[in-house]
Structure formats: structure tokens, C-alpha cells
There are 2 protein chains.
Amino acid sequence: MKEVMAVPWPKIADAVVRRLVIYLRVLDREARAQERTISSYQLAQKTGVSPALVRKDLAWFGEFGTRGVGYDVAYLRDQLHKILRLEQEVRAVLVGAGSLGIALTRYNVRRYADDPTFNVRIVALFDTDPGKIGLMIDGIEIFPLRLLGEKVPELGATMGIITVPAYAAQQVADELVKAGIEGIVNFAPTPIHVPPRVALQTADLSLEMQYLAYIMMSRREEREEASGR
Amino acid sequence: MKEVMAVPWPKIADAVVRRLVIYLRVLDREARAQERTISSYQLAQKTGVSPALVRKDLAWFGEFGTRGVGYDVAYLRDQLHKILRLEQEVRAVLVGAGSLGIALTRYNVRRYADDPTFNVRIVALFDTDPGKIGLMIDGIEIFPLRLLGEKVPELGATMGIITVPAYAAQQVADELVKAGIEGIVNFAPTPIHVPPRVALQTADLSLEMQYLAYIMMSRREEREEASGR
DNA sequence: TAGATTGTTAATCGATTAACAATC
DNA sequence: TAGATTGTTAATCGATTAACAATC
């Protein structure tokens, strides 16, 4: 008989969690398309990972599949939903109502309404520009930054999203931490420091582009090597 | 005597390249602040990686430092600039002039003008909405999507940026590939498939948020375990 | 039953860290 | 010289792949 564990699921590697989110999206789409079962090969093909890795990722949490058949789409979707705690809404405040901040907000409002696998909800925006205070973006109000410490607990926000210029990012991060935020997504193109109890995720859009540019350049050189000389 | 290599630098792991970009940004900032030298410890601290890894990453390309002293800030900056091929501008077209596309364009125009370590330049936008055609975003024109195949070679664009809704992403990717694009950044929240000769980078903003939400949730549970029971 | 596909183990691969001799 | 810090090697760690027995 297996020992009853204190923690419902094992602590899972970062990379695995990211893939689970991607699997779930595909499963959700397949379920809408009335698909009943899906094999690790099909799921792998649709998500761009290997079949063996799909099976290994899923096996961390139990035996979800049927040998010779595959995985039941709806069942696996529901299980991943549970594993990823998607029934729990996570409320976020966004600091920096510039064009990126507003774009993210618009996107978030639509996404939260449309996609049952998406559980992050932006509930307030903050900015220092007096001209922006009080404006509504798709129903979400822009508050002055000085109200951050008061609004965060009032709204029950636990996530902070930083979309201010690089020079202001660290200061905003400090204020989010002071306000009691548990996790931060940083869209500013600069590393920020937060205490270890605060989870930090960097989403540096320009980094992705520069990185891709580098890969393109080195591939081009390879091709030139191969053909030219 | 060492053999002269056909390729100027070794082929370098993905993760290393990403860190080099981050080192470079810090070095650029330090150089502006008149810093002369920087140790692997300092560079590590400012970028959030370990000192040993900083040294190992840099050692791939030669001996840039001085034992007992550290790295010359300006020299290392210039070397990384060369390694990352930043003297070469990479021109990009962006498809999907919605709020995210417009935000990225604004951001890109400013960044390209201000930051000498940034070499990706958006040169045209594309959309299918007739109401948007002909509009200018910070000096960049919005063209109808059907002109993509003609404009890409005309403008010398080699990178494509996808900011359309998920359902349209694959079709847009196909058209970018047909137009001769060498690399794609996909901001749509769905995996896309491209031929192996095309470099692909996924920048799924909602994935970052969901992933952070998961981490926050599991940490919270850990804390509750630790204290509560 | 035969064919298909999972769950799982062992092998491989790659990336990071630790340690330290070299040397400024 | 003594102290500091690099460049580099070996050890460790972790993640992915390959392979296959289990089993539907």
C-alpha cells in the first residue's frame, strides 16, 4: 500500500509545467472538435515535443492513459485543469498603462472571457501620468501609482505585471513587493531583483527578437559556408 | 599552432546566446556609467546567473578577461557586439496591427533609435482590416496583407512577427514562409509549424502569466503545508 | 488474438556548478 | 609578493530520448 503523501502532486520541474499548459490548450481545442481520444504521438505532433516526453510529463501525476488506446481527451483536459489549479482565479495589477500595458489588458480581458484554460485576470491598472488616471481600458480602471499599496489588498490581487520603461522597473517592483504581491511578470527589458519569497517571471519581448535575429544570422552563415566555399 | 577554423565562432548553445544578450545590456549600461572593469561576480550579480557560468559562457569565444582584474567593460561590450552580429540590422515585418502589434511597433521604433545593442527594426505592418490600411504607426505604414509577398523582398525583410489571433496564426506563418522570410516570432497563443529552414521563436505572453500563476499557487500551498498543519 | 500504445526504466545528452591551477 | 580573479577541468545535476515489457 502506498504511503499517503502530504502534497497532492510531486513538485514538478519548471519545463514540465510549461508543457502541461500547452498540452491543455491542445486538449481543450480537440475536445471542442469532439475528439474522444488522443495518443501521445498526436499530442506530441500538435505541440512540437516528442511522444516519449509527453508520456513522461503526464506520468508524473498518475496513469491517465489506456494502453493500446491513448488518452481520453476530456478526462485528460480535466485532470490538467486540476493539476494546474485553473479553477482558482489569479488577480493581477498592471503597472505602466503605456501602449504595451494597454495591449496586454485588452488581450487579457478577451482571453479571460473566452478561454476556460486561462485563469489570470487583470483587475486594475496603475500609472503616474495624471492624464491617464481614471480612464477605463475595456472596463479596467487606471489608478494613480500611489494608490497601489491600498488597492492591492482591497482587490485581492496577488500578481503584478510590470510594463514601465526599464529605468523605472526596479522601483515599481519594490513597490509591488511592499504591497504584498506574490509574483511578478516583468516585461521591462532589464533584470530586476525581488526577495526569494516573490516569484519572478521575465517576459522580455525584445530579447526574443534579438535571440531570433542571432539564430537567423548564424544559419545564414552556415548556408554560405556550405554553398559558397 | 592552432588550426584555423572555417567558422569564426563555435556553434553555441541556445541558452548561452540568450545570456550573452543580457550580459551585453549590462555592459552597455556600465560603460555609460564610466565603469572600466567588471568581474564575473559583479556581472553575475547584475544578471542573475552564477559567476562560474558567466566565465564559462565568455570562454567559448576566447580569453577576454585579465586574471586578478576582471573584464574590460568597453572591450567585452564590443566583443559581444561582434559575436552577436549586432552591426547587421535585421528588418522585420509585423502581421496583425491590433493593439499588441501596434504596441510592439511603438516600442520597437523607440528602442531601435535609443539602444545601440538592439538590431531588429520593424519596417512594415500588415493587416486585413480595410480601415487600418494606409495608417502610419510611428512612421511605419500598414499595408494590406495581400501585398506581403511583394513587400518582403522589396523592403529586404528577413524576419516576420505574428500578432494575429490564434486561429489565423498558422495561415499567416505559411504566407510569411512563402514570402521568403528566414525567421518568425510568434506572439499568438498557439503552436505553429514551419519548415526546418525557417527559425521559429515563440513568445507566448499568456503562457508566461499562466506559468507564473502556477508557481505562485504551488508556493502558497507549500507555505500552508509548512505553517498550517 | 494481434496490433497499438502506454508507463517506466536505463542510456544518453547537455547544461551547470565546484574547484583550482594559472597568472595578473 | 600577496590577493584577486580568470580560464578550464572534472563532478554533478537534470532533462530528454530510446527501448520495451505491460496491457488494453
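In what follows, every chain begins at residue 1, and chains take the letters A, B, ... in the order their sequences are listed.
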Requested in this report: Answer whether the closest heavy-atom distance between the side chains of A:Y211 and B:D14 falls below 4.5 Å.
Outcome: yes

Query - Sub-4.5 Å side-chain heavy-atom contact between A:L53 and A:P51 - result: no

Query raised in the report: Donor-acceptor pair under 3.5 Å: do we get one between B:R67's side chain and the base of D:dT6?
Result: yes

Could you give the [atom1]-to-[atom2] distance, from [X] to [N], as a whole number of Å?
X: A:D72; N: C:dT6; atom1: CG; atom2: C1'; result: 14 Å
X: B:K56; N: C:dG14; atom1: NZ; atom2: P; result: 13 Å
X: B:L43; N: D:dT6; atom1: CG; atom2: C1'; result: 13 Å
X: A:L53; N: C:dT6; atom1: CG; atom2: C1'; result: 15 Å
X: A:I38; N: C:dT6; atom1: CD1; atom2: C1'; result: 14 Å
X: A:D14; N: D:dC13; atom1: CG; atom2: P; result: 18 Å
X: B:W60; N: D:dT6; atom1: CH2; atom2: C1'; result: 17 Å
X: A:L76; N: C:dT6; atom1: CG; atom2: C1'; result: 13 Å

Query raised in the report: So what's C:dC20 paired with, Watson-Crick or G-U wobble, going by both distances under 3.5 Å?
Result: D:dG7

Query raised in the report: Applying a 3.5 Å limit to both distances, which nucleotide forms a Watson-Crick or G-U wobble pair with C:dC13?
Result: D:dG14

Query raised in the report: Considering heavy-atom distances to DNA chain D, does B:E63 or A:G68 have its closest nucleotide positioned more toward the 5' end?
Result: B:E63

Requested in this report: Could you pick out which residue, A:T66 or A:D57, lies toward the 5' side of DNA chain D when each is mapped onto its nearest nucleotide?
Outcome: A:D57

Query raised in the report: Would you call A:D204 and B:R18 a salt bridge, taking side-chain N to carboxylate O under 4.0 Å as the test?
Result: no

**Report entry** Test: A:R91 and A:E89 ion pair at under 4.0 Å
**Finding:** yes

Query raised in the report: Near A:E35 CD, under 6.0 Å, is it more than 12 heavy atoms from other residues, nucleotides or ligands?
Result: yes

Give a yes/no on whether any side-chain N or O of [X] is located under 4.0 angstrom from OP1 or OP2 of [N].
X: A:R55; N: D:dC20; answer: no
X: B:R19; N: C:dT16; answer: yes
X: A:Y71; N: C:dG7; answer: yes
X: A:S50; N: D:dT17; answer: yes

Report task. Identify which nucleotide among D:dT16, C:dT16, D:dT6 has an atom closest to any side-chain atom of A:A15, counting heavy atoms from C-beta outward. Result -> D:dT16

